[in-house]
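Please read these numbers as outputs of a predicted model, since none were measured by experiment. The figures that follow rest on heavy atoms only: side chains count, while hydrogens, waters and symmetry mates do not.
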Amino acid sequence: MVVDFRKIKTVIPPVCIGQQPMSRVKTYKLLGLWIDDDLNWESNTEYIIKKATKRLYFLKVLKGYGAPKNDLKPFYCCVIKSTLEYDAMQVWNGNLTQAQRNDIERGQKGALRIIVAEYEYNRAL
């Protein structure tokens, strides 16, 4: 991956290992964080949202089987919230677009709709 923010772009020759050129990628996963070559965090945000959405399904199943709210809240905090707001957020959170922030917030709203469906979002918080 080549990250280049120069105004005048130059062609950078590929890195070769034993006469074999290495392929260039636009995204790369490093320590659980997806890095784009233009550092816009689109891939990372999409990955987090997909992962949290899959886990929302389990929250819905638990609610369907009659699990009490006192059990659903710790499940949300440990399994879903920790995915949406994990430790590497300090690295990329400042560069999120408003649309990306809204997508992450939508995942949290979905969880609250499942746990406390009788309350509106602001009251449920």
Side-chain angles (χ1 to χ4, degrees):
M1 177 185 325
V2 176
V3 178
D4 187 8
F5 293 113
R6 294 181 290 181
K7 290 182 181 180
I8 301 172
K9 306 273 187 201
T10 59
V11 177
I12 300 172
V15 176
C16 294
I17 297 178
Q19 306 299 328
Q20 294 290 332
M22 297 296 297
S23 63
R24 290 197 176 145
V25 294
K26 300 205 74 45
T27 60
Y28 185 75
K29 187 174 183 180
L30 179 65
L31 298 175
L33 185 72
W34 281 95
I35 302 172
D36 295 338
D37 62 351
D38 57 356
L39 299 180
N40 68 5
W41 307 111
E42 187 71 31
S43 299
N44 191 55
T45 306
E46 287 176 12
Y47 172 74
I48 288 171
I49 293 168
K50 284 180 187 177
K51 192 173 180 181
T53 303
K54 290 176 186 176
R55 294 172 181 205
L56 274 173
Y57 172 75
F58 293 112
L59 185 66
K60 199 172 192 177
V61 168
L62 285 171
K63 173 96 182 220
Y65 281 116
K69 290 178 191 174
N70 292 339
D71 292 339
L72 296 177
K73 185 179 174 189
F75 179 83
Y76 163 72
C77 289
C78 294
V79 177
I80 300 168
K81 187 176 180 182
S82 64
T83 301
L84 292 170
E85 300 176 356
Y86 70 106
D87 292 337
M89 184 175 256
Q90 292 85 0
V91 174
W92 56 271
N93 188 35
N95 292 331
L96 288 178
T97 64
Q98 190 59 43
Q100 292 169 336
R101 291 175 200 267
N102 291 342
D103 288 343
I104 291 172
E105 186 73 18
R106 193 174 318 125
Q108 293 176 342
K109 285 180 181 179
L112 282 177
R113 253 192 320 267
I114 294 169
I115 296 171
V116 283
E118 64 271 9
Y119 297 130
E120 64 176 77
Y121 177 65
N122 290 330
R123 185 168 180 218
L125 283 176

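- Listed here is the closest heavy atom pair of L56 and G110: CD2-C, 4.2 Å.
- The minimum heavy-atom distance linking P21 with C16 is given by the pair CA-SG, 3.9 Å.
- For the atom pair CG (L72) and CG (L59), the distance works out to 5.5 Å, reported to the nearest 0.5 Å.
- A donor-acceptor contact shorter than 3.5 Å links the side chain of K63 to the backbone of I114.
- Contact annotation: the side chain of I35 approaches that of W41 to within less than 4.5 Å [non-hydrogen atoms, C-beta and beyond].
- Atom-to-atom distance recorded for S43:OG and K29:NZ is 12.0 Å, nearest 0.5 angstrom.
- The closest side-chain heavy-atom distance from Q108 to Y76 is below 4.5 Å.
- Atom-to-atom distance recorded for L84:CG and T53:OG1 is 8.0 Å, nearest 0.5 angstrom.
- Linking ILVMFWY residues whenever their side-chain heavy atoms come closer than 4.5 Å, directly or via other members, places L31 and L39 in the same cluster.
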Margin query: Between T27 and D36, is the side chain to side chain donor-acceptor pair (under 3.5 Å) condition met? List the steps.
Written below: CA-CA 4 Å; T27 60; D36 295 338; 5.1 Å; no
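- Hydrophobic clustering (ILVMFWY, side-chain heavy atoms < 4.5 Å, transitive): Y28 and I17 are in distinct clusters.
- T45 OG1 to N40 CG: the interatomic distance, rounded to the nearest 0.5 Å, is 8.0 Å.
- Proximity of K73 to L112: side-chain heavy atoms (C-beta onward) are nowhere separated by under 4.5 Å.
- Under the 3.5 Å distance criterion, the side-chain polar atoms of N102 are matched with a main-chain donor or acceptor of Q98.
- Taking the side chain as every heavy atom from C-beta outward, F58 and V79 never approach each other to under 4.5 Å.
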Next item on the list: Run the numbers on I12 and R24 for side-chain contact (heavy atoms from CB on, under 4.5 Å), then give the verdict.
Entry: CA-CA 11 Å; I12 300 172; R24 290 197 176 145; 3.6 Å; yes
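- Considering OH of Y47 and CG of L33, their distance stands at 10.5 Å, rounded to 0.5 Å.
- Scanning for side chain to side chain donor-acceptor pair (under 3.5 Å) contacts around E42 gives Q100, with sequence neighbours left out.
- Between the R55 side chain and the I80 main chain, no donor and acceptor come within less than 3.5 Å of each other.
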